Participant: 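Can you keep this structure in mind? I'll have questions shortly.
Sequence positions, counted from 1, serve as the residue numbers for this chain. In what follows, every heavy atom counts, from backbone to side chain, and hydrogens, waters and symmetry copies are set aside. This structure is a prediction, so every number in the text was calculated from the model and none was measured.
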Amino acid sequence: MTGGGLAGLAAPVIPLLRDTPPRALYIHYPFCAHRCHYCDFSVTRAAVPPADEWIDCLACELPWWFETAGWAAPLALDSVFIGGGTPSLMDPDVPGALADVLGVWFGLEEDVEWTVESNPASLTDEVATAWRAAGANRLSIGVQSFDDEVLSWLGRLHDRATAEAAVRTARRAGFDNINLDLMFGLPEAIRRDLDTELEILIDTGVDHVSAYGLTIEPDTPLARQVTLGRVVPTGGSAYGHEYRTIAARLEAAGMRHYEVSNFASDGRECRHNWYYWNRSPYLGIGPSAHGYLPPLRIWNAFRWSRYRDVVRAGAGAVDGYESLGPAEEPLERLWLGLRTREGLVRDDPEWGAVLSARADEWERLGWVRTTGGRVVATAEGWLRLDELVTRLATEEASMENRSRRDE
């Protein structure tokens with residue numbers, strides 16, 4: 001693995017990136033009206049976000065990328081994803097201005113999947129309509145819960161009624177491809193009726209759900225509460241029970257559990273996320289944005305203020321990069337392969353021997369299933385994903401060591 005900042009990146013990357021142009025684009029919008037106490041994203045609190053300044057910075061960053069990588073504009077895209085932060089805080093004139101900037105460098109055809117994240121508290125008819133008019137066709141709404149007490153504990157600015165209204169707002173604006181985020185694995189002291197919340201969610205009729213377990217991230221207010229003993233994280237059994245409940249209810253409602261955290265009706269899988277899981281080239285722009293332009297994983301300056309200053313100075317925003325080594329790359333392919341419904345080829349020459357040795361045992365335990373020559377994790381297996389990958393990697397390394405000794 002190698003790494004470095006902008007000064008060390010420019011020279012070696014130019015010949016490597018020319019042949020791996022991105023087909024997907026992630027754009028980070030770093031502004032929020034309020035920071036939730038579990039959040040460790042690159043977020044700047046702003047009552048009136050400087051969205052015009054943000055767009056100007058993107059307009060400075062993009063030509064640096066095309067010049068550095070040697071790409072020819074316009075590049076055809078398959079997916080655009082605008083995350084945050086809270087993109088729904090933008091004024092209605094901002095989405096069109098952003099589309100104008102992107103259109104200089106990328107081909108934004110009608111079949112591009114264009115996702116925008118939104119918060120129910122700030123998703124107005126005007127903003128949703130503006131995003132749809134600009135070309136966005138998929139909306140991801142950060143509902144997290146349909147219980148007012150849970151939402152209050154999470155530090156969210158909306159309640160159940162606002163969350164349900166946000167779905168109606170999205171539909172009025174013309175969005176028929178809508179994702180709802182749902183959080184689980186909260187401390188057991190936070191009482192919630194998950195079954196009722198799932199009924200409400202299913203009744204919204206959305207076609208995609210992302211279910212995320214609460215993570216205690218370092219240097220967040222929630223982490224400090226845990227350190228002080230004021231919050232006790234949920235135990236493994238409660239976490240697993242909620243995960244199984246969500247998976248069973250959503251699958252019974254006709255959604256396919258196609259990745260560890262994601263469920264979708266037929267044809268509604270998130271195209272953008274497949275670029276991450278398939279290790280396909282994607283570009284990240286904006287503060288803290290990450291990208292993968294084989295063989296490099298690249299990330300931008302984290303803070304909005306630093307990102308703004310470097311791109312205004314005419315420099316790229318890249319803050320570091322890494323190239324996976326020969327020991328790390330197979331492990332990443334193993335982990336990414338097992339986390340989706342694509343699974344792993346059972347007789348793959350790289351790890352097929354250890355996978356075959358374990359697959360039958362794990363299938364009896366209900367952790368995987370074998371179909372069409374591929375080993376695919378079940379919900380039970382996804383609860384143990386890190387354990388399964390570690391075991392396969394360890395046994396593969398042990399097998400290689402024995403082979404070397406026998407030579």
Participant: Is it true that E329 and R333 have a side-chain N and a carboxylate O under 4.0 angstrom from each other?
Facilitator: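 Salt bridge: yes.
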
Participant: Find the distance between CZ (F31) and OG1 (T44) and round it off to the nearest 0.5 Å.
Facilitator: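 Output value for this atom pair is 6.0 Å.
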
Participant: Anything under 30° is parallel, anything over 60° is perpendicular, the rest tilted; go ahead and classify W71 against F66.
Facilitator: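 Perpendicular: the ring planes of W71 and F66 meet at over 60°.
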
Participant: Applying salt bridge (charged side-chain N to carboxylate O under 4.0 Å, His left out) to E164 and R168, what does each step give before you reach the verdict?
Facilitator: CA-CA 7 Å; E164 292 178 281; R168 296 192 294 270; 5.5 Å; no

Participant: Say whether, by atom type as modelled, one donor and one acceptor occur between the side chain of S152 and the main chain of D148 under 3.5 angstrom.
Facilitator: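 No: the side chain of S152 does not pair with the backbone of D148.
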
Participant: Passes side chain to side chain donor-acceptor pair (under 3.5 Å), R308 versus S305? Steps please.
Facilitator: CA-CA 5 Å; R308 178 194 59 206; S305 57; 5.1 Å; no

Participant: Taking the side chain as every heavy atom from C-beta outward, state whether W105 and L77 have any pair of such atoms under 4.5 Å apart.
Facilitator: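 No, their side chains stay 4.5 Å or more apart.
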
Participant: Between Y292 and Y26, does a ring pair (Phe, Tyr, Trp, His ring centres under 6.0 Å) hold up when you go through it step by step?
Facilitator: CA-CA 11 Å; Y292 177 56; Y26 174 80; over 10 Å; no

Participant: Is the terminal nitrogen or CZ of R160 (NZ for Lys, CZ for Arg) located under 6.0 angstrom from the six-membered ring centre of F146 and within 45° of that ring's axis?
Facilitator: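 The answer is no, since R160 fails at least one limit relative to F146.
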
Participant: Can a salt bridge be assigned to the pair R346 and D360 using a cut-off of 4.0 Å between side-chain N and carboxylate O?
Facilitator: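 A salt bridge is present here (some side-chain N lies under 4.0 Å from a carboxylate O).
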
Participant: State, yes or no, whether a side-chain contact exists between H208 and R138 at a heavy-atom distance under 4.5 Å.
Facilitator: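 Yes, side chains in contact.
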
Participant: State whether a side-chain donor-acceptor pair under 3.5 Å links E197 with S145.
Facilitator: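 Side chains of E197 and S145: pair found under 3.5 Å.
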
Participant: Using the ring pair (Phe, Tyr, Trp, His ring centres under 6.0 Å) rule, take W131 and F175 through it: C-alpha gap first, then chi angles, then the decisive distance, then the call.
Facilitator: CA-CA 10 Å; W131 276 117; F175 287 95; 8.8 Å; no

Participant: T169 and R172: side-chain donor and acceptor closer than 3.5 Å?
Facilitator: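 Looking only at side-chain atoms, R172 and T169 do form a donor-acceptor pair, the distance falling under 3.5 Å.
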
Participant: Looking at H272, is its backbone amide N or carbonyl O close enough to the side chain of E113 to form a donor-acceptor pair, meaning the two atoms are under 3.5 Å apart?
Facilitator: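 Checking the backbone N and O of H272 against the side chain of E113, a donor-acceptor pair under 3.5 Å is found.
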
Participant: Once you round to the nearest 0.5 Å, how far does CG of D78 lie from CD of E109?
Facilitator: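 Interatomic distance, D78 CG to E109 CD, rounded to 0.5 Å: 11.5 Å.
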
Participant: Can you see whether S122 engages S88 through a side-chain donor-acceptor pair at a distance of less than 3.5 angstrom?
Facilitator: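 Their side chains do contain a donor-acceptor pair, which is all the 3.5 Å distance test asks for.
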
Participant: Do H290 and Y276 have side-chain N/O donor and acceptor atoms under 3.5 Å apart?
Facilitator: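 Distance-only check fails for H290 and Y276.
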
Participant: Output yes when D195 and R249 qualify as a salt bridge under the 4.0 Å nitrogen-oxygen rule, no when they do not.
Facilitator: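 Yes, this pair counts.
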
Participant: Quick one: do E251 and R341 make a salt bridge, cutoff under 4.0 Å?
Facilitator: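 Judged by the 4.0 Å cut-off on N to carboxylate O distance, E251 and R341 do form a salt bridge.
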
Participant: Let me confirm one number: the OG1-CG distance from T68 to L293, rounded to the nearest 0.5 Å.
Facilitator: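 Going from OG1 on T68 over to CG on L293, the span is 11.5 Å.
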
Participant: Just one of T394, L388, L392 clears the side-chain contact (heavy atoms from CB on, under 4.5 Å) bar with T390, so which one?
Facilitator: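 Of all the options given, the one that passes is T394.
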
Participant: What is the minimum heavy-atom distance between E61 and V311, and which atoms define it?
Facilitator: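 For E61 and V311, the tightest heavy-atom pair comes out as CB-CG1, 4.2 Å.
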
Participant: Can you check whether D319 reaches N300 side chain to side chain, under 4.5 Å on heavy atoms?
Facilitator: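 No, their side chains stay 4.5 Å or more apart.
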
Participant: Does a salt bridge link E380 with R384, judged by any charged N lying under 4.0 Å from a carboxylate O?
Facilitator: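 Yes.
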
